[in-house]
Amino acid sequence: LSKVYGPQHVKVGVTWSNLGTVWEDRKDLSKARDCLERALAINSACLGRSHPDTAIAISNLGSVVKNQGDFDGAMRLFNEALEIDRSAFG
């Protein structure tokens with residue numbers, strides 16, 4: 001996919017996100033986090049940090065961070081995603 005669109009395309013970010021959720025389901029949180037961090041970086045670069053789709057990527061990463069036991073980090077990510085959605089949708 002990245003050969004067709006380039007490595008910084010939203011569709012590539014979606015693929016990284018999907019891979020991350022599969023790794024999370026398989027309980028490989030390290031691989032999940034890596035994939036979701038890549039997805040977030042791509043969304044942030046393509047759409048901006050304040051885009052609702054970026055908020056989804058932030059929230060997905062928050063889930064893995066929570067499952068890794070970093071509750072403070074997870075709260076920061078979830079709150080960031082919530083603020084983006086509040087700004088976008090009221």
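Remember, it's a predicted structure, so these values are computed and weren't measured experimentally.
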With sequence neighbours left out, the residues meeting salt bridge (Lys or Arg N to Asp or Glu O under 4.0 Å) with Glu24 are none
Under a side-chain separation threshold of 4.5 Å, the hydrophobic residues clustered together with Ile56 are none
For Phe71, the side-chain contact (heavy atoms from CB on, under 4.5 Å) test, sequence neighbours excluded, returns Lys66
Taken in chain and number order and not counting sequence neighbours, the residues that satisfy side-chain contact (heavy atoms from CB on, under 4.5 Å) with Asp85 are Pro52, Ala55, Phe89
So salt bridge (Lys or Arg N to Asp or Glu O under 4.0 Å) across residues 41-51, not counting sequence neighbours, yields Arg49-Glu80
OG (Ser50) and CD (Glu83) are apart, to the nearest 0.5 Å, by 12.5 Å
Going by chain and number, the hydrophobic cluster around Met75 (ILVMFWY, side chain to side chain under 4.5 Å) further includes none
Salt bridge (Lys or Arg N to Asp or Glu O under 4.0 Å) filter on Arg26, not counting sequence neighbours, yields none
Those residues at least two apart in sequence (or on a different chain) that pass side-chain hydrogen bond (donor to acceptor under 3.5 Å, both in side chains) with Gln68 are Arg33
For Lys11, is there any backbone N or O sitting under 3.5 Å from a side-chain donor or acceptor partner on Thr15? yes
Polar side-chain atom of Ser44 near backbone of Ala41 as donor-acceptor pair, under 3.5 Å:
no
Sequence neighbours excluded, the answer for side-chain hydrogen bond (donor to acceptor under 3.5 Å, both in side chains) partners of Asn60 is Ser17
ring-ring contact (aromatic ring centres under 6.0 Å, His included) pairs touching residues 4-50, sequence neighbours excluded, are Tyr5-His9
Closest non-hydrogen atoms of Ala32 and Gly20, given as atom of the first, atom of the second and distance, are CB-O, 3.3 Å
CG of Leu19 to CZ of Arg38, rounded to nearest 0.5 Å, is 10.0 Å
Going by chain and number, the hydrophobic cluster around Val65 (ILVMFWY, side chain to side chain under 4.5 Å) further includes Leu29, Leu36, Leu40, Ile58, Leu61, Val64, Leu77, Ile84
Closest non-hydrogen atoms of Thr54 and Gly48, given as atom of the first, atom of the second and distance, are OG1-O, 2.8 Å
Sorted by chain and number, sequence neighbours left out, side-chain contact (heavy atoms from CB on, under 4.5 Å) with Asp72 holds for Asp70, Arg76
